[in-house]
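A short worksheet on the structure shown next.
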Amino acid sequence: MADQDQTVNTAFLEEIAFNGQYDQLRDHLIENAAPAVRRRAAELFTEYSRAIGDDRAETVTGWLVAAAAQEPHDEVRARILEALLEFDEDAIDDLVAVIADADRPTPGDTPYPQVFFDWLGSHAAALRLVAVAGLGDLGRSRVVPKLATACSDRDVRVRRRAIIECGRVGDDRCVRAVAANLDSEDEAIRLAAADALVAIGSEKALRALLPAAKSGDTAVRKRAMEGIGALGSLQVLGTLLRGLDDETAEIRQAAATAIIRLVAEAPSDESHRVRETVAEQLTTYPNRDVVAEFLTLFADTDEAVIRRNTAWVLGRIADDDPRADVIRCLVRAIDDGDDRTAQVAASSLVRIGEPAIIDELESFVAAADLGTKALSRADFIRNHLTDSEAEERLKNAVEYVKVSDPGDYTRQKAGTSD
């Protein structure tokens, strides 16, 4: 093809591109018989990618995917792919889908999925990138060694995509290759490696994350902190406690989340020991008032298992010095949308046993439109916390209603509004 290139005039394409006649440029990219013309058309789409407005970017991306799928020469295809990456890196997945479509011919004479194995050895990084994406999409055991090897590819785009695909495949054989990228000079690679290890999720993968939990890179450290809690092992508790003392708020929150996940993920035969140890360590934590971190976590998370276990921890770390904010948080949680979270919150309030809980509880009952379950929980808390004097005081309080039958509460409330 090189000899042909020397005899083919492609200068006319530059005028087409300069004049913004991209439809004509597309026609030459897809239909021109000369490989040199198609290659130069692809190069011009790369050069003019910034000049092509956002309103046409999706259309041009479609042209490039179609051109790459039908191009017979890998060298030209590589130039087309470089143009495609300028417009939308995610469009690589569109090309993979086209190649995998049984109703369409594969590029050249190579059948699917062998074409991806062949491209993995290409000198063109763009072809290797498509290969890695395609192999990861197969999700088969035999692709794992190929993906692991690609995690050390000399091209950063290929390496990052290989790491991502290793996370998708989720095979322990990828762990070493992925973990080797945790100290990469490229932040995107480091983050991809941390995310992939979390996605693999095995004990081997999560243990490989431990060094990253001490990283100087805040983003990587945050991902690692969030991941290692899933081990459910007290061996990582020291690392997580140090995270609670970090100067960066997002690291403290990641550590708090991981501690709660550690409690939630502990093996059943170790669950009690893990819970008690975590509670003891948090209660005696010397460097920082950690309660605020768990209050923030409870308020911000929408993950039920995190909310219910945070409610439990809050009940324990408020033991020696009950805090108004903890009480307020847990009282409102008796009406939580997750029944188990609401039940844990009620039990935590009983465990705290602070008289101020009654005042906060009655204010909440009076102000909120609570359902049957929440009212029953309020009654449960009240029955466990009130002594005879407190009971008499509460009976005289405005809007106080002793709820034994939730129906009585509704009727009595209706009567007081007359």
Side-chain angles (χ1 to χ4, degrees), residues 89 92-93 96 113 116-123 125 127-240 242-243 251 254-255 257-258 261-262 265-267:
E89 187 171 328
I92 290 295
D93 295 300
V96 168
F116 295 135
F117 287 96
D118 290 354
W119 287 352
L120 198 58
S122 172
H123 70 278
L127 286 175
R128 299 198 303 276
L129 179 61
V130 177
V132 166
L135 291 176
D137 210 42
L138 290 175
R140 299 176 186 171
S141 180
R142 71 187 181 105
V143 309
V144 171
K146 300 288 186 184
L147 292 176
T149 299
C151 287
S152 58
D153 193 278
R154 60 187 177 276
D155 184 272
V156 68
R157 298 168 303 178
V158 179
R159 190 159 68 251
R160 178 174 175 272
R161 185 60 187 252
I163 293 168
I164 291 171
E165 295 304 327
C166 283
R168 286 181 61 198
V169 172
D171 194 300
D172 256 4
R173 289 175 291 170
C174 296
V175 168
R176 179 177 294 182
V178 171
N181 287 279
L182 286 171
D183 58 358
S184 169
E185 294 181 357
D186 187 284
E187 184 181 44
I189 293 292
R190 296 195 299 272
L191 288 174
D195 286 342
L197 290 171
V198 172
I200 293 171
S202 65
E203 181 173 348
K204 180 179 178 181
L206 295 177
R207 289 195 180 284
L209 266 177
L210 281 171
K214 303 173 185 177
S215 170
D217 183 324
T218 298
V220 171
R221 190 177 181 201
K222 177 177 180 290
R223 306 281 178 91
M225 283 279 185
E226 292 170 343
I228 62 176
L231 282 168
S233 169
L234 289 173
Q235 294 179 25
V236 303
L237 182 57
T239 298
L240 299 178
R242 286 190 291 275
I251 294 296
T257 302
R261 203 171 297 283
L262 186 157
E265 297 291 338

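Remember, it's a predicted structure, so these values are computed and weren't measured experimentally. Excluded from the calculations below are hydrogen atoms, water molecules and symmetry mates; all remaining heavy atoms, backbone and side chain alike, are included.
Considering all non-hydrogen atoms of both residues, Ala131 and Phe116 come closest at CB-O, 3.1 Å. Closest approach of Ala192 and Ile164 over heavy atoms only: CB-CG1, 4.4 Å. In terms of heavy-atom proximity, Gly232 sits nearest to Pro267 at O-CD, 3.7 Å. When every heavy atom of Met225 is checked against every heavy atom of Gly243, the shortest pair comes out as CE-CA, 3.7 Å. The two residues Leu182 and Ala194 have their closest heavy-atom pair at CD2-N, 3.7 Å. When all heavy atoms of Gly167 and Ala199 are compared, the pair lying nearest together is O-CB, 3.7 Å.
Between the CG atom of Asp118 and the CG atom of Leu127 there is a distance of 10.5 Å, given to the nearest 0.5 Å. To the nearest 0.5 Å, atom CG of residue Leu147 and atom CZ of residue Arg168 are 10.0 Å apart. Atom-to-atom distance recorded for Ile251:CD1 and Glu226:CD is 8.5 Å, nearest 0.5 angstrom.
Sorted by first and then second residue, the salt bridge (Lys or Arg N to Asp or Glu O under 4.0 Å) pairs with a member in residues 178-201 read Arg190-Asp217, Asp195-Arg223; sequence neighbours excluded.
Here Glu265 pairs with nothing under the side chain to side chain donor-acceptor pair (under 3.5 Å) rule; sequence neighbours left out. In terms of the side chain to side chain contact (heavy atoms under 4.5 Å, CB included) criterion, residue partners of Arg154 (sequence neighbours excluded) are, by chain and number, Arg128. Listed by chain and residue number, Cys151, Ile163, Cys166, Cys174, Ala193, Ala196, Leu197 satisfy the side chain to side chain contact (heavy atoms under 4.5 Å, CB included) test with Val178 (two or more places apart in sequence, or in another chain). For the salt bridge (Lys or Arg N to Asp or Glu O under 4.0 Å) test, residues two or more places apart in sequence or in another chain that qualify with Arg207 are Glu203. Taking Ser202 as the reference, Asp172 meet the side chain to side chain donor-acceptor pair (under 3.5 Å) condition, with sequence neighbours excluded. Asp155 is linked by a salt bridge (Lys or Arg N to Asp or Glu O under 4.0 Å) to Arg157, counting only residues two or more places apart in sequence or in another chain. Under the side chain to side chain contact (heavy atoms under 4.5 Å, CB included) criterion, Arg242 pairs with Lys214, Thr239, sequence neighbours left out. Ala133 pairs by the side chain to side chain contact (heavy atoms under 4.5 Å, CB included) definition with Ile92, Asp93, Val96, Arg161, not counting sequence neighbours.
Shown here is Arg160, whose CZ atom has no more than 12 heavy atoms of other residues, nucleotides or ligands within 6.0 Å.
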Next on the checklist: Please determine whether side-chain contact (heavy atoms from CB on, under 4.5 Å) holds for the pair Val220 and Leu191, giving the CA-CA distance in whole Å, both sets of side-chain angles, and the decisive distance to 0.1 Å.
Outcome noted: CA-CA 6 Å; Val220 171; Leu191 288 174; 3.8 Å; yes
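The side-chain contact (heavy atoms from CB on, under 4.5 Å) test with Val143 singles out one residue from Leu120, Leu138, Val132, and that residue is Leu138. Between Leu209 and the choices Val236, Val198, Ile200, the side-chain contact (heavy atoms from CB on, under 4.5 Å) rule is met once, by Val198.
Using a 4.5 Å cut-off on side-chain heavy atoms (C-beta onward), Leu231 and Leu262 make no contact.
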